Number of protein chains: 2
Amino acid sequence: MTTTEDHAPSARAVTIQDVARLAGVSTATVSRALALPDRVTEATREAVLSAIRETGYTPNAAARSLRAKSTRMVLVLLPGIGNSFFTPVLNALEEVFSDQGYGVLVGYTRQSRRRETHYARVIRAGQVDGVLVVTGNVPRDEEFVAVPDQVPISLIFAGIPGGARFSVFDVDNRAAAATMVGHMIAAGHRRIAHITGPDNSIETNERFAGYCDALAAAGIALDESLVWRGAGNFDFASGDRAAARYFALEDRPTAVFAAADEIALGFIRSLKTGGVSVPRDVSVGGFDDTEYAIHYDPALTTMRQPRTEMGRLAAEDLLRRMSEKGASTPPTHVRLPCELVIRESIRQI
Amino acid sequence: MTTTEDHAPSARAVTIQDVARLAGVSTATVSRALALPDRVTEATREAVLSAIRETGYTPNAAARSLRAKSTRMVLVLLPGIGNSFFTPVLNALEEVFSDQGYGVLVGYTRQSRRRETHYARVIRAGQVDGVLVVTGNVPRDEEFVAVPDQVPISLIFAGIPGGARFSVFDVDNRAAAATMVGHMIAAGHRRIAHITGPDNSIETNERFAGYCDALAAAGIALDESLVWRGAGNFDFASGDRAAARYFALEDRPTAVFAAADEIALGFIRSLKTGGVSVPRDVSVGGFDDTEYAIHYDPALTTMRQPRTEMGRLAAEDLLRRMSEKGASTPPTHVRLPCELVIRESIRQI
DNA sequence: ACAGTAGATGTAATCGATTACAAGAATTCG
DNA sequence: CGAATTCTTGTAATCGATTACATCTACTGT
């Protein structure tokens, strides 16, 4: 009856007051003993620390944020689809941020205005000290226009057109795509198809441009019947649909550049089901080098994006920009190198 | 020079005071107009709302949390490895939590004590209203023992031994494994190997027990040379290593039950490289039904765990338990059904 | 020995909301 | 019509930390 200790949420958490009382000092001293250890006597620090140990005190986050105007949290906005691609990024982000004592709030925008507005509000409520938008899908919401001045924002994978207010960490999608298609051409391919990504994405446009560049450089005319657009997302289903396009063609390509690994994998799978073998009958190149690319059969030749490193660098940059109040580090644009990873899915002809 | 508006972080955010002043009411009324709209006149509500619109006011989260003793945030703890398995779970969690206005803080424990301690501190700092531990890896940290009384905690995928204080959402791993192995036996297999998961995990033990059950039920003696333990994690590499065990064997099994899809895929891939074909030469069954299972070649026969649904249910339960202060809903244990998904990787002999 | 300075600590204001309590206005009812 | 009740609103305390400012003590150098 008297045992309150078991499931009593009413056991009132211990506050700085309790610690101060026990240590026989003021709350100011407790606060200082924690934040600026050099500013208190060895003896008092000891007393405070021991009081803290005894009471099991943990400073209240809300109170601290309210006064210090910093929450030590960042918001990571993800599109919410094609997630396994983003997994290493999120992993890297969490690692760096939590190491520095920052919490990572994740938000999936799912390309829904409602959710974007929701997260804009989170930012405006001062709930985070910084924002990382993963993928070019920067919320177009009006709510967002005021936001960049409140906290630093960084973009990973694709910069937004008119924004020098953001740090950007991306790769040269156009050049990378051109390299891939150039590799196919060097292997003797002339009839090369391209499965594009989702219509409205920057990556899609850039990679398509790179595809065109490489063809042009080799003096190959662009054949619109080999550009398989509007495939949907960077996912298996897009590859499936593209396979239908392939089978419907009389004059089939000898190589296909898919705008993403998952598209490539879906495509290859559907081809197999239809009795077409990769790379025997047709070569396929992907983009991203997700963890499945190397384990697939055939192992996928693809462009590696350094996702983990992008995450790490972006996190470190954001950390820097968050720490310096006022005279802040200016936003940067870091373009990371891609790497052509040659495996089994493209063959010489 | 006078344009402070551009990159001025000093543009002091608008507070409830500003709104109150503009609307000609007290801050209490503004607060009520927002939280309990029925408790103010239509007219004042209008005035307040219009003042809010005009100023672009968003309530400060820290201040609100401090006073209301609720942060509307939950912590989701993930192991931090084998992430694509957890992706749908995290997705489901984010969906239902953000729909209810809760933020999702992710933490990867990476089986490191330091990180567990870190997140225990986050909880104790009152930074979250609830916790979801994904996977049985409940932090063994002493810091954690005090925590469950502070906020409700739920477990997904595996319950912790002595904890009736947590809600648990899992599947009957043992029965599911037995079903899979039973399926192999029904297909005529007698020599069946098992690639286990990581040594210390509950799932590993349960699935192994199910494997034993099925063998026993069929009167097949357990052959220790067919139990491939200590494979590491639920990942490709474990499958690779298991393939070496397979090749090293004289009397090879005709079927292999892998404790996870990724293990199965890694295993199959290594087998292929060694010239062994699945399911022609050996049948393979997986566990989980991750998104790659169906797209692989051969499409993997596996036990489907309803990951999305588990996430959703767990989130809803936690939401319920968080909302009711004091007379709280008791923790539940929900055991969800698995489903044997028959594809191509197991063949009749 | 004494003014001046540096160092340690305490007092109290503050951050921006929510909410208990009080007071005034409007409504209901006998 | 007056008392009782309900509705609306305002005043001010409060949540738990941080920190500017004040105070007091203990040195330093001349």
Side-chain angles (χ1 to χ4, degrees), chain A residues 9-48 51-52 55-72 101 121-122 124-127 129 150 325, chain B residues 9-48 51-52 55-72 101 121-122 124-127 129 150 325:
Chain A
S10 46
R12 215 181 103 282
V14 6
T15 74
I16 199 172
Q17 308 277 356
D18 304 322
V19 176
R21 201 173 312 123
L22 185 59
V25 298
S26 74
T27 63
T29 300
V30 175
S31 181
R32 281 188 286 252
L34 254 33
L36 315 92
D38 312 327
R39 298 278 302 275
V40 302
T41 314
E42 168 89 28
T44 49
R45 194 184 332 137
E46 285 294 298
V48 169
I52 287 176
T55 55
Y57 168 69
T58 307
N60 178 285
R64 187 201 290 260
S65 304
L66 177 58
R67 181 65 229 243
K69 298 206 168 313
S70 134
T71 57
R72 296 191 79 77
R121 187 158 299 138
V122 166
R124 295 233 317 259
Q127 213 159 152
D129 292 346
Q150 234 174 78
K325 298 268 162 200
Chain B
S10 48
R12 216 183 100 281
V14 7
T15 74
I16 200 171
Q17 309 277 355
D18 304 321
V19 175
R21 202 173 311 124
L22 185 60
V25 298
S26 74
T27 63
T29 302
V30 174
S31 181
R32 280 187 287 250
L34 254 33
L36 316 94
D38 313 327
R39 298 277 302 272
V40 301
T41 314
E42 167 90 30
T44 49
R45 195 187 329 142
E46 285 294 297
V48 169
I52 287 176
T55 55
Y57 168 70
T58 306
N60 178 285
R64 189 201 289 260
S65 303
L66 178 56
R67 181 65 230 244
K69 299 203 168 315
S70 133
T71 58
R72 296 192 77 79
R121 186 159 299 138
V122 166
R124 295 230 318 256
Q127 213 159 152
D129 292 347
Q150 233 174 78
K325 298 268 161 198

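Convention: sequence-line order gives letters A, B, ...; per-chain numbering from 1. All values below were derived from every heavy atom in this structure, side-chain atoms included, with hydrogens, water molecules and symmetry-related copies excluded. Everything numeric in this text was worked out from a predicted model, so none of it was measured.
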Classify A:Thr44 by what it touches in the nucleic acid, base, sugar-phosphate, or nothing, heavy-atom distance under 4.0 Å.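 Result for A:Thr44 = sugar-phosphate.
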Describe the nucleic acid contact of B:Ser31 in one word from base, sugar-phosphate, nothing, applying a heavy-atom distance below 4.0 Å.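 Answer is base: heavy atoms of B:Ser31 come under 4.0 Å of a base.
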Given DNA chain D, 5'-ward residue of the pair A:Gln17 and B:Ser26, judged by closest heavy atom: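 On the 5' side of the pair lies B:Ser26.
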Assuming nearest nucleotide by heavy-atom distance, tell me which of B:Ala63 and B:Val25 is located more 5' along DNA chain D.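 With B:Ala63 and B:Val25 compared, the 5'-side residue is B:Val25.
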Nearest heavy-atom pair of B:Arg124 and B:Gln150: which atoms, and what distance?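 For B:Arg124 and B:Gln150, the tightest heavy-atom pair comes out as CA-OE1, 3.3 Å.
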Nucleotide range of DNA chain C contacted by chain A, 5' to 3', under 4.0 Å to a heavy atom?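 Using the under 4.0 Å cut-off, the span is C:dA8 to C:dG16.
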So [Y] and [X], do their side chains get closer than 4.5 Å, heavy atoms only?
X	Y	answer
B:Val40	B:Val48	no
A:Leu34	A:Ile52	yes
A:Asn60	A:Thr15	no

On DNA chain C, nearest-nucleotide positions of B:Arg32 versus B:Pro59: which is more 5'?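 So the residue in question is B:Pro59.
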Please report the interatomic distance CZ(B:Arg39) to OG1(B:Thr29), rounded to the nearest 0.5 Å.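 Rounded to the nearest 0.5 Å, the CZ-OG1 separation comes out at 11.0 Å.
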A:Lys69 NZ to D:dA20 P: how many Å, rounded?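 Spelled out: NZ on A:Lys69 to P on D:dA20 is 13 Å.
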So, B:Thr27 side chain and B:Ala20 main chain: donor-acceptor pair closer than 3.5 Å or not?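 Not confirmed, B:Thr27 side chain does not pair with B:Ala20 backbone.
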